Each structure stands twice: as structure tokens, then as C-alpha cells.
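This report refers to the structure that appears directly beneath it.
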Amino acid sequence: MSINKENPKIDFVKNEHEILDYWAKENTFKKLVSKNQKGPKWSFLDGPITANNPMGVHHAWGRTLKDLYQRYKSMNGFQQRYQNGFDCQGLWVEIEVEKELGIKSKKEVEELGIEKFVNLCKERVEKFSEIQKNQSIRLGYWMDWENSYYTMSEENNYAIWAFLKKLFEDDKIYRGTDVVPWSGRSGTSYSQMEIIEGRKLTVHKGVFVKFAINERSNEHILIWTTTPWTLSSNIAVAVNRKINYAKVQIQDGTIFYVAETNLKYQRLNKEFSEKKNWVEGVPKLKTLDQIFKERGGYEVLEVLKGEDLVGLTYKGPFDHLEPQNTVGGFPIHDTSNLKKQSAVDCHIVIDGGKDSEGNDMVVEGEGTGFVHIAGGCGAIDNKICKKEGFVEISPIDNQANFIDGFDFMSGLSVTDPDTAQKIIDDLKDRNLLLYVEDYPHIYPHCWRSGDELVFKQVDEWYINMDWRKKIKAVVDDINWIPAWGKDREHDWLDNMGDWMISKKRFWGLALPIWTFEDGSFHVVGSKEELKELAVEGWEKFEGNSPHRPWVDYVKIKHPKTGLVGKRIKDVGNPWLDAGIVPFSTMKYFDDKSYWEEWFPADFITECFPGQFRNWFYSLLAMSSFLEGKSPFKTLLGHALVKDESGAEMHKSAGNAIWFDDAAEKMGVDVMRWMYSKQNVENNLLFGYDKADEVRKKLISLWNVYSFFCTYANLDNFKPHSHDISDKDLSLLDRWIISKSHQLTADAKLSYENFEVDKLLKNVESFLDDLSNWYIRRNRRRFWKSENDADKFVAYQTLYEVLLDLIKILSPIIPFVAERMYLNITKDDDNENNNSIHLSSFPQSNHSRIDNALIEKVDSLKRVIESGRAVRKKANIKVRQPLNSLKVYTANKEVKSFIQKQADIVIDELNIKEVVFSDNIDEFGKLFLKPNFKNLKMKFGDEMQEPMKSISTINAKTVLGNLLHGNSFPENSFELNKDDVLITLKAEKGSESFLAKDLIVCLDTTISEQLRLEGVLRDLIRQIQLMRKEANFNIDDRIIISGSFKNELKDVISENKDYFMNEVLCTDIVENMENSDYNASFMHNNEKIEIYIKKVERG
RNA sequence: GGGCUUAUAGCUCAGCUGGUUAGAGCGCAUCUCUGAUAAGGAUGAGGUCCGUGGUUCGAGUCCACGUAGGCCCA
């Protein structure tokens, strides 16, 4: 067998499919697992992907990182678990299933049947986990796909039960209340995000209501609200300490307090006049001034500060009802309310303080300057009540109807305008109402049902997080990449409240909490315990997963009191599901020795945003509670994927790119390169243009490879078939080998530090060296007809370098690397010919890194690059030959290096010769500059004097001594060569350059002969261009005719053979009929016409 | 309101503990190669390094204040 030729134009995508088939056929992954089965363990823990939709390109980033570090470790012989995880339970699945069913409310789910619904959720998860699996395989993600974990599995759910049981035994689980946005029709709560999506303009009744002050007769607080139903549950009134309040008396003698500026304030004036957020037909709002005047006029008796009102008590509008008088609140008795208050006891004027954005809670302008606080009916109200230790009243049920105890209101819907009207009528009857108006405003609505949202008190289950210190201690043991992750996690831990673990839904962890009629509850820690305590329904549960509705059938007997209780309806917070994974998947509860082998994980990687209070939090919380240590050692976080312009990808915006499309259009090797190259801290701007950029790098690698294959095939190259010694290696061979070993060393470091972006920067520059220097400068060694030792050395060198390079890259671009490997290693007995992924990561041999040589070649490259820059500055194109490059060096080795490489310089710079000079003066003027960095280190703040003394030192002497290896001239401050920097300025007509141990000078004067040579080459170039434009073949022969005069004519005739050979011309004629192509160009302000004609071959 | 963070070329980003002429890629312009060729290469234009003040021989870098974004918390 020999190495196959490869087409320079490769279809990367097609190759990926071929390699996938190959891996499947060869069972390559299984071979890898068994190869490393006795190796040291490296434990990677996969964060579960939500199996609810097809995988997105943002998932592919994380999965690429997960895969490539696992592949790197496997190349180093590590044994791994390769376990992928699917996140299965939670509201997001329910929402998608509801969409499929075309239903929108919890009620509809219940009508359908929870069992049916939950089974649909399971089916959805199964369907999408399968799809995600196949997409991951397409990405080249090597996992043990038959052994994935699912968070809906029994082992995962029961592991959480065991965890919650421990907490329960430690008295960390309690029942509390919360006030949440609620949709009556859907019968469910909403998150803040969902609220923002569902805001709509609506008209509500704004009511001005009197609250009589107890301490002062006939004096009232004036309240304004657009939710009259909440008045039923009023607890307190808030003022702003700092603003002015007017004491106003109206015609009938009644006295009101209102914010002074509000009297004449034109509410929603702008909205009304610009008809922005205004509803057609709603009249302009009246000022308080107007309202009072309509009631016979008014008088301001006094102006005082809000502070003076704090502490007053008042009579609420519904104090005659039972809920207002129930100690401990209504309907949920909060037994922790030590003050034994009822709502009436809480009717106090308080300071509103600041809201969540730091603004005053109570402001002038809006309303009356008094805010009615109903702790069971508003999120902010609830916080204030909790802070003040007040009770809460929650007047509504799940459908947002008034519950019993609220007189005529009971049973009415609070969002129904008729209900508002009935309440208004009642207030009017009892002379508590001053005024009613229509008030348009933007109000939250349910984004699914379109219903108005209300705020409802719910009872929820919490974990008391008073042991946060334990978690914080663990955070410091983790290697956070990027490092600021640690601070971010601490920040969250410092600020988090107790962990609310309940959610009133259907599909999720069944919280193992059973409640009893005496108000007690019991947490069940395992299936066995449940069976033991079960008194009813076990037979309906047995054989089913521990989910609703099956587990709900089981009633248990309280182990102490013997009371029979039911499970709460709630499901668990899905982060419990993901947080238990280091225990459930590593068999903590049933195979401790296995767990000890793999815990803690060495590495996890996830998308950073959000996870500090989600997955990372739940992992750390659960692990620090159970074991007191972190479940992972290193955490690599990465940012988000955005579209190419930096905008969020959205289905609706049309800028989303689907993984499947991207994979088949750009190819996954390109994608993986793109992900790997990205600095994980920055958002990745994903798109096809960026992919093209990356593809160029891949093509560059492919070109190197296909060049190698083309000639290796021709010459039937077999690796290691001849012995070669160091002496056989050319300078450039040794140079590229040095570079290659350096790259290998750097690559190892980058992988070990989880910084592959740095690796790819190194690779890209190495590829440039390999392609544009090593191969370009060595091409002739491969072309030449003799099959000599030098040719073999060239092959062997390129082979070794290429092999190491693709091995280094194989974790990142597994497909193309595999193809290259399989082809080039066919005849290499040292290599495992089955897969690059079964080979070992290359070893860097330090002794093969010749730093001095690297520096020399680098300076040679610099010489050439600066030569080009000089040409550009002098406006001399490369086509114009120049005379010489003059070199000064005292180092014999360097001198011989330059001499050996002279042809490179001559070729690249289009010069005639490289000459050597012994006179520094010929290169230009020298200057000495202080090396501040060194001087600072040496003299500290005392560097002024030594710095000045540098100007007294002779630069030429310094440089001369330096280049000849002599010591630095003596001076009073004991300065040495490291304390100065030497610069060089060349004479006119030349350009000089100072490299490490040599000086070069390019002569930019153009002699008449050189100029004419340039003229000829220009002409040749013109004709070559014409050949191309005429679409002639490279080997077509032509006849030329042209209006060549004067010097052009001379220069052609003087160099006739050369000229004709270059352009493959068989004859130059005076006149030509029927030319194939003609063109003209300007020379010395004269238009030159040229005609060419193809010679028919015969 | 509190915390964190960012601001550098048209765009996306580097710039280590302060140090010499602030870099890269893309884009743009010009040129170039034509035996790896639907590629490749070179050169160039383009920057008040957000602003103001301070520390220093020296500030993109450190400090203070401000401005504008982002994230988190409340």
C-alpha cells in the first residue's frame, strides 16, 4: 500500500459522513474505551442537556468543548465514563406539550388527565433525546450513548428523595408563602420573564377611597388604586417620609391628607395629549384639585411632612369582614407570627422605603401620595409586609375568584369588571368612596390565555439555606475558568434567599412530602420507606415511575402520630434533578465504592450565564450538604452564541441557524474549530462568514497534506524506510522540526489548562510557517527527479511534522484529522492504523528544539519582510530587480547560515546578490536608547543619572563589541548591553535593519541595466496576463506581435531567448492577422499594442 | 440602590507584573505569485487606546471622579 493522492479540493462535509460510517463500522469508540480501561481515571461530569427540542448551535459549542477535552485525555491513556445526560423534567417540557395539544391552562391538563399528559411529556423527552443523540454523533461527540443518564429516571428521582430526607431530618425543610403573578384561567403562576412578554394596554377603574384615621376625628387618608378587589385585603398604608402632604378640608367638612403637589398634578397628561398608550374614548383624567372643587371647593389647612403621619392607625374599608379580623392572616395561618395580630391590628401608616430599583416606593404625581398595601395581593406589598412582620390576606382561589369569607364578593372573579363595579357600589353605599375614574395603563397579561394576571399568595416549600457558609467554603476549592466565576458564585451565595423547591405543575420530580391534618408533614426518603408507610394506593403506584399521578395515589401513615396523609401536589424545582447527578449517576446511594472512584469529577463545562444560581448552585448546595466538598475540581464556563451581528438568535427574527443546517453547510470540523478558537469569556458571533474564515485555515492544512500526498504517492514514500541522522537534515528541516516540537509542548500546556483558543492561535501561526516557509521553500526537493537521500529527508521531515500536527488537532477536528491519518500512516509500523483517536498524544522532545535556529530563521524572515517593506517605501515593486543586500555579521555561524540561505533572500527579494561587509559605518547611523525596563529593575527610582549617562556612550563601539562578542564599554554605572537598545538609521538610497546578531542593508538604487530588466519583466507579466485572459492553456505556444519601439524593442532583442521561453512564444512577427487576443499597456507614456495568437499543435 | 464587568482600527478582539514606533484576523486599497492554484503571498491606509484629573522619568496599562454599555443581586 502506498499513500493515496488527494484532491486539493475536498468536500469536508462528505468526508465527515464517510468517517462517521467508518467509526461505526470499525467500532472505533469501543476500541478506545477498551484500550484505556486500565488507565488512570479522569472523571468528566456532563451537565444534562434539556431534551425538549433539537440541539442548537449554542449547545454545539459546549459539546465541542466537552468532547475535545475528553478526547485529549483519552489520547493520554485516561479511563473515562463518557456518560451523557439528558434533562427531562420541568415546565419547559410541559409548555411544549401543551402547545402540541393546543391547550393553555392547567385546568385543561387536568381535564385531559394527568397520566396522559405526563406520558406525553415522557414521550417528548424520549423523542428529543434521541434526536439530540444523533445530532451529537454528527458533531463527532464521542459518548457511551447506550449509557446516557436521564433525570427522569428512578435512580435520579429517588436520589433526590434521599437528599431531601436528610435535609428533613436536619429540620431544613419548611412550608412558607409567596406572592406570585397568577393567571386565573391557566391556574398557574408565572415568572417575571413571562410577565414582560405579556404586557397589554387596558382600562381599569381607578378609585379614590377614604381610610378614616383612628387618632383624629373626621380626618382621612385618601387612597387611590386601580385594583379595587385588593382593598378587601388591605393591611397597611405607605407614605414617603420626605415629601409634603396637604391637610385639605372640603365643603362638607371632611378632612383629607394628600401629597401636596398631587393636588394640581395632571396625571397621564402626556399620554392623553399624544394619545400614546391611551385608549380611545377615555376622558382626560381630573386633578385632585378639580375633584375637590366639584364637591364644593376646598381649603388647605396645613402642610406637613410624610414623616409626621408615620405611625397613625386607620380603619380599613373591609374591617367588618372575618379575614380582616383573623389572627395570623387569612386563609393561611402563619404560625410564626408571634405578635398574634390580625390584619386590622396592622392598619398602620408606614414608611414605604425604596423599591427594587432603588426608587422611592411612594412618589409624588401618581395617585394621592398614599399607597395601600395588601400583602397577599402584590409582590412588593408582600415584601413590605414580611419586612414589617405583618400578616397577609389572600382573598382568591386558583381561578382568581374570591374565596369564602368575603361577603358579597365571595365567588366573584377579581378580574371581571362587574366585580369591580359591585365593590365600587358597596364603597359608595358606605360613604367610603370619593371618586371613580377610567384609568388606562399597561398591565401584565397571561401570554398564553390573554387573561389579566393577578398576584396571588401561594404556599410553597423551601429549603432553609442557613448553611450557606458550608457551600461558600467549597467554592474556594474549585478551579474556576474564567477566574471571576468564583466571585460571581460567592456573590450569588451571599445574596440568595431560601431555596423554593416546589412548583405547582404536573411533570417533574414528585416532592416526597406528605402532609397531615394536624398541620405536620413527613418527608419520605426512598421507595422502600414509602412502601413501608403506605396504607392506601400502593398497588396503583407499584410498577410506575415515581411521578404524578401514580405517586399521588399513595397515602401514608405518619410514623409517629399514625395520622393518614396525602402527598402535596407540587413537583420539584428542576435544578434538584440536575444537582443530584454527581451522586445519582455515580451510584452514591447504592455502590459507594464506584462512587469513590469517580467522585469528585475532574472537570465540568457549561455555558456560564444563568448557571451560577442554577446548575452550579444546585451541584454545590447538594454536594456540600451531603459530603462537605465540591463535586468537581475544575469548571470551564463559556459565554453565549449570538448571530454574526451580535444579536440574539431567535426563530421569529429569522436569524437563527439550526445545527443540522450548519453541520451540512459548513461542516462540523469547521464548527468545532470555530468554537475551539473562541475565547470562552466572549460571546461567539456565529455565522457562515465566520465559518469561511475558519475554513481557510482548514484548507491551508489540507493543502499541506494534499501536497505531501501528491508527491509521496509519486515517489512511493514509506515512513522510516531509511535511517537518517541529524547531519542529513537541512537547516529548514531542523527549523520546522524545532517549531513542531515547540508547538507540541505548547499544545499540551493549552490542553492541560483548558485553553484551546491559545492552542489554535499557535497552530495557525505554525501552519503559516509550514505552508509558506517550509513547503514553499522546499518544493524543489519534492519535485526533483533524483530519488536521493535529501528527498527522503524532506519527505520524512514533512511526514513527522504533519503527523504530529494532525494528532495535536485531532481532538478539535476529529474527522479531517482521521482521514489524513488513515492515509499517511498506512506504511508506518509505529502507528496504529485503525484511528488517529487510538494513537497517543505526541511527546515534545526538548532536545529537538533549537531555539537559536528558530531565532536565525525568524531573523531571516524579518530580513525579507523588511526588504519588502523597504521596496514599498521606495515605491519599487518586487518585479523590479535590485542589486544587492549587504550583510554585516561577526558571527561565523550566522554568516554561513546567511550564505547558505542566500538563494532564499535573492529569490524572495528579487536581488542579484548577497554581499558581506566589515564596515559598520556603511549601514547607517547608530543611536543608543535606554532600556527602561531593565534600568528600572537595576536602579529602581535612582535611574535618572545612569539614564543620562547613556548619551555619552559611543553607539558604534557598543554595537561593534556586541557583535564581536566583546564586553560592554566601561562606564561609571556598570551598565551593560541589556541596559541599552540600539537603533539604526540608514543612508538615503538604502534601508538597513538590525537583527539579533547581524545588520542588513538593501541597496535601493536602480541602475539603467536593472531598470531595463524590470521593463522586460513587466512586459512578460503583461503577456502572461493576456494568456490568462485569453483562456489559453498553461502549455499553449503563442505567436506575438506588438508595437515595440526604442528601449522595449532593444530589450526584447537582447534577451530574446529568455523572453520567448518565459511566455512560451515561438515567434515574434511584425504584423498579425486574426489575433486571438489583444491588449495594450502604457510604457513611458506611450501606448503599446500587443497581439497574441495560439499556435495550433500538430 | 448594591456588586461585578466592559469601553483599543470600519467590524470582532489581543495587549503579561507600568517601558521604547499600540497589535492580530476580517473588511478595504494597492501590488504580487501562477508546477499546492475556484487557493496563496506582500504592502498600505485606517487609532485624541471613552472623558477629566492624579501618581510616575514614563500610563492603553495603576488610582480617583465622571460618561456610556453589559451582567448579577435586591
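Keep in mind it's a predicted model, so treat the numbers as computed, not measured. The chains referred to below are lettered A, B, ... by the order of the sequence lines, with proteins before strands, and numbering in each begins at 1.
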Of B:G27, B:A14, B:A36, the nucleotide closest to the side chain of A:V704 is B:A36
For A:R781, which residues count as a salt bridge (charged side-chain N to carboxylate O under 4.0 Å, His left out) partner, sequence neighbours excluded?
-> A:D733, A:D790
Salt-bridge present (A:K677, A:E764; N to O < 4.0 Å) | yes
Using the C1' atom on both, measure B:G27 against B:C65 and round to a whole Å.
-> 38 Å
Integer-rounded Å distance: B:U8 P and A:N682 CG | 12 Å
Does A:F12 reach the side chain of A:I813, with side-chain heavy atoms less than 4.5 Å apart?
-> no
Quick one: label A:N703 by what it contacts on the DNA or RNA (base, sugar-phosphate, nothing), any heavy atom closer than 4.0 Å.
-> base
So, are A:E6 and A:R819 salt-bridged, with charged N and O less than 4.0 Å apart?
-> yes
Both distances under 3.5 Å, Watson-Crick or G-U wobble: on that basis, could you give the dot-bracket string for RNA chain B, with [ ] for crossing pairs and | for other-strand partners?
-> (((((((..((((.....[...)))).(((((.......))))).....(((((..]....)))))))))))).
Write down the distance separating the P atoms in B:G66 and B:G3, rounded off to the nearest Å.
-> 12 Å
Which part of the nucleic acid, if any, lies within contact of A:K761, taking any heavy atom under 4.0 Å across all strands shown: a base, the sugar-phosphate backbone alone, or nothing?
-> nothing
For A:D689, which contact category applies under a 4.0 Å heavy-atom criterion: base, sugar-phosphate, or nothing?
-> nothing
Mind checking A:D494 for me? I need base, sugar-phosphate or nothing, with any heavy atom below 4.0 Å counting as a touch.
-> nothing
Taking the same atom, C1', in B:A29 and in B:G46, what whole-Å distance lies between them?
-> 11 Å
For side chain to side chain contact (heavy atoms under 4.5 Å, CB included), just list the numbers for A:K758 and A:S750, CA-CA rounded to whole Å, side-chain angles, deciding distance to a tenth of an Å, and then say yes or no.
-> CA-CA 7 Å; A:K758 289 188 183 158; A:S750 296; 4.1 Å; yes
Nearest-angstrom distance, P atom, B:U17 to B:C26 = 28 Å
Tell me, with the steps shown, if A:F686 and A:Y675 meet side chain to side chain contact (heavy atoms under 4.5 Å, CB included).
-> CA-CA 9 Å; A:F686 188 95; A:Y675 294 132; 3.3 Å; yes
Which of these nucleotides, B:A36, B:C71, B:G40, is closest to any side-chain atom of A:S771?
-> B:A36
Same-atom distance (C1') from B:U5 to B:C50, integer angstrom = 15 Å
Presence of salt bridge, A:R695 and A:D692, under 4.0 angstrom | yes
Quick note, A:R776 side chain, CB onward, closest among B:G27, B:A36, B:G25 is B:A36
What is the nucleic acid contact for A:S700, judged by heavy atoms within less than 4.0 Å: base, sugar-phosphate only, or nothing?
-> nothing
Looking at the side chain of A:L685, which of B:U12, B:C72, B:A36 is the nearest nucleotide?
-> B:U12
Provide the distance between the two P atoms, one in B:C49 and one in B:U43, to the nearest whole Å.
-> 26 Å
